[in-house]
Protein chains: 2
Amino acid sequence: MLRLSKLTDYAVVVLTRLAQDGAMPGGRVQTAPGLALATGIAEPTVAKVLKILGQAGLVEGVRGARGGYRLTRPLTAMPLSEVILAFDGPIALTACVDGIAGMCEAEQVCPVRGRWDPVNEAIRNAISGITVADLATPLQTCVPVPALNPIVAE
Amino acid sequence: MLRLSKLTDYAVVVLTRLAQDGAMPGGRVQTAPGLALATGIAEPTVAKVLKILGQAGLVEGVRGARGGYRLTRPLTAMPLSEVILAFDGPIALTACVDGIAGMCEAEQVCPVRGRWDPVNEAIRNAISGITVADLATPLQTCVPVPALNPIVAE
DNA sequence: TTCAAAGCGGACTGGATTGGTCCTATTTAA
DNA sequence: TTAAATAGGACCAATCCAGTCCGCTTTGAA
């Protein structure tokens with residue numbers, strides 16, 4: 001399976017939650033513990049996700065007491081590719097592609113060297129039009145279940 | 001990085017080599033040790049790749065002395081997606097997607113459940129038009145380097 | 001009839017990757 | 001001054017995968 005990191009999945013959940021809570025640019029912030037409660041994801045993991053999202057410029061952290069996180073843009077302006085890039089690195093299918101010339105021991109006889117590029121390009125194009133909002137909106141109608149989950153009970 | 005198995009890469013190399021050697025349907029066969037020499041990939045690994053390709057119906061194994069492998073179809077009729085399917089499983093980005101309902105501990109509050117489907121669909125569409133021949137042909141002009149590689153020397 | 005060459009299937013192991021956690025420092029509102 | 005929160009880094013356990021190695025079966029040729 002073409003796996004991407006589990007953290008990427010969490011990231012979409014967290015971003016969606018931030019949008020639902022109105023943690024938009026100029027708006028109020030939402031804390032990591034609060035997001036952990038709301039999403040059911042363990043708190044340290046949420047913190048890690050937010051850390052990475054912050055480094056990628058997708059969320060903005062406000063330090064100090066009453067601090068928290070908010071989105072830097074609406075989800076409709078946030079390409080999914082940026083989230084994937086932050087957690088999984090550049091979208092490239094094989095090590096052969098990103099490797100430096102000379103790293104591949106079969107380089108001299110390998111008839112496929114560099115040939116995955118069109119595939120990567122095709123995938124990049126396919127994803128390029130998708131924003132985080134596209135993954136979030138259809139299920140916003142989902143009923144919120146605040147405290148039914150054992151792992152969020154503390 | 002969106003990795004797929006290294007074996008998938010090898011598979012394309014091996015398939016390409018089979019085509020170059022004329023190991024086509026009804027044609028002669030090529031042995032695993034021979035392919036190992038020709039590609040510079042270690043023999044046990046080549047054998048493993050061919051095994052999987054055989055189970056996927058992409059190559060046909062001929063057992064016994066003077067046995068070997070040949071393609072079941074020309075590379076132009078071999079979708080890359082079938083190769084990926086054989087080595088990496090179905091093209092689906094997250095565990096959330098293929099997981100059975102109830103496996104996800106955040107299921108009840110997860111607003112993204114099943115939402116990767118359109119992304120997977122987009123990627124499947126992007127790859128659907130690509131055949132193994134598309135990855136092989138442009139570099140068929142590559143000069144063959146028969147015995148320059150230390151790992152093929154025996 | 002025997003032998004050797006080759007595919008077939010499965011099991012095993014070492015290494016790399018990753019998910020998840022924790023600790024400490026820094027910032028800042030009350 | 002204190003407490004709440006982010007920021008950054010280090011660390012550990014578990015998982016996954018590439019690669020190898022067995023034994024078995026098949027089959028053409030001597």
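In what follows, every chain begins at residue 1, and chains take the letters A, B, ... in the order their sequences are listed.
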D/dA18, OP1 or OP2 - any side-chain N/O from B/Ser5 closer than 4.0 Å?
yes

Which residues satisfy the side-chain contact (heavy atoms from CB on, under 4.5 Å) test with B/Ala77, sequence neighbours excluded?
B/Arg73, B/Pro74

Would you list the protein and nucleotides 24-26 of chain D atom pairs, both N or O, that sit under 3.5 Å from each other?
residue: D/dT25; atom: O2; partner: B/Arg63; partner atom: NH2; Å: 2.8
residue: D/dT26; atom: O2; partner: B/Gly64; partner atom: N; Å: 3.3

Starting at atom OH of A/Tyr69, determine the distance to atom C1' of D/dG8, rounded to an integer number of angstrom.
10 Å

Of all heavy-atom pairs linking A/Ala126 and B/Ala126, the shortest is CB-CB, 3.7 Å

Within this structure, what is the CZ-to-C1' distance between A/Arg70 and D/dA5, rounded to whole angstrom?
14 Å

Pull out every residue in residues 47-56 of chain A that has a heavy atom closer than 4.0 Å to any atom of DNA chain D, ordered by number, or say none.
A/Lys51, A/Gln55

Does the pair B/Leu7 and B/Thr45 meet the rule for a side-chain contact (heavy atoms from CB on, under 4.5 Å), with working shown?
CA-CA 8 Å; B/Leu7 294 183; B/Thr45 303; 4.1 Å; yes

Measuring from A/Leu85:CG to A/Leu58:CG, what's the distance to the nearest 0.5 Å?
9.5 Å

Rounded to the nearest angstrom, tell me the gap between atom CG in B/Leu7 and atom P in D/dC16.
16 Å

Measure the spacing between CD of B/Glu82 and CZ of B/Phe87 and express it to the nearest 0.5 Å.
12.5 Å

When rounded to whole Å, the CZ to C1' distance for the pair B/Arg66 and C/dA5 reads 9 Å

How close or far is atom P of D/dT20 from atom NZ of B/Lys6, stated in whole angstroms?
11 Å

Among C/dG20, D/dA18, C/dT17, find the nucleotide with the atom closest to the side chain of B/Arg3.
C/dT17

Here's a test for you: under side-chain contact (heavy atoms from CB on, under 4.5 Å), which of B/Leu15, B/Thr31, B/Leu35 qualifies with B/Leu50?
B/Leu35

Whole-Å distance, B/Glu60 CD to C/dG7 C1', equals 12 Å

Quick one: B/Leu4 CG to C/dT17 P, roughly how many Å, whole number?
15 Å

Rounded to the Å, how far apart are A/Leu2 CG and D/dC16 P?
16 Å

Using a cut-off of less than 4.0 Å, is there contact between a side-chain N or O of A/Tyr10 and OP1 or OP2 of C/dG20?
yes

Of the candidates C/dG19, D/dA18, D/dT6, the side chain of A/Ala32 sits closest to D/dT6

Rounded distance [0.5 Å steps], CD in A/Glu121 versus OG in A/Ser128:
9.5 Å

Listed nucleotide nearest any side-chain atom of A/Thr45, set D/dA7, D/dA18, C/dT21:
C/dT21

Which atoms form the tightest heavy-atom contact between A/Ala11 and A/Val49, and what is the distance?
CA-CG1, 3.7 Å

A/Leu75 and A/Ala19 have their tightest heavy-atom pair at CD1-CB, 3.6 Å

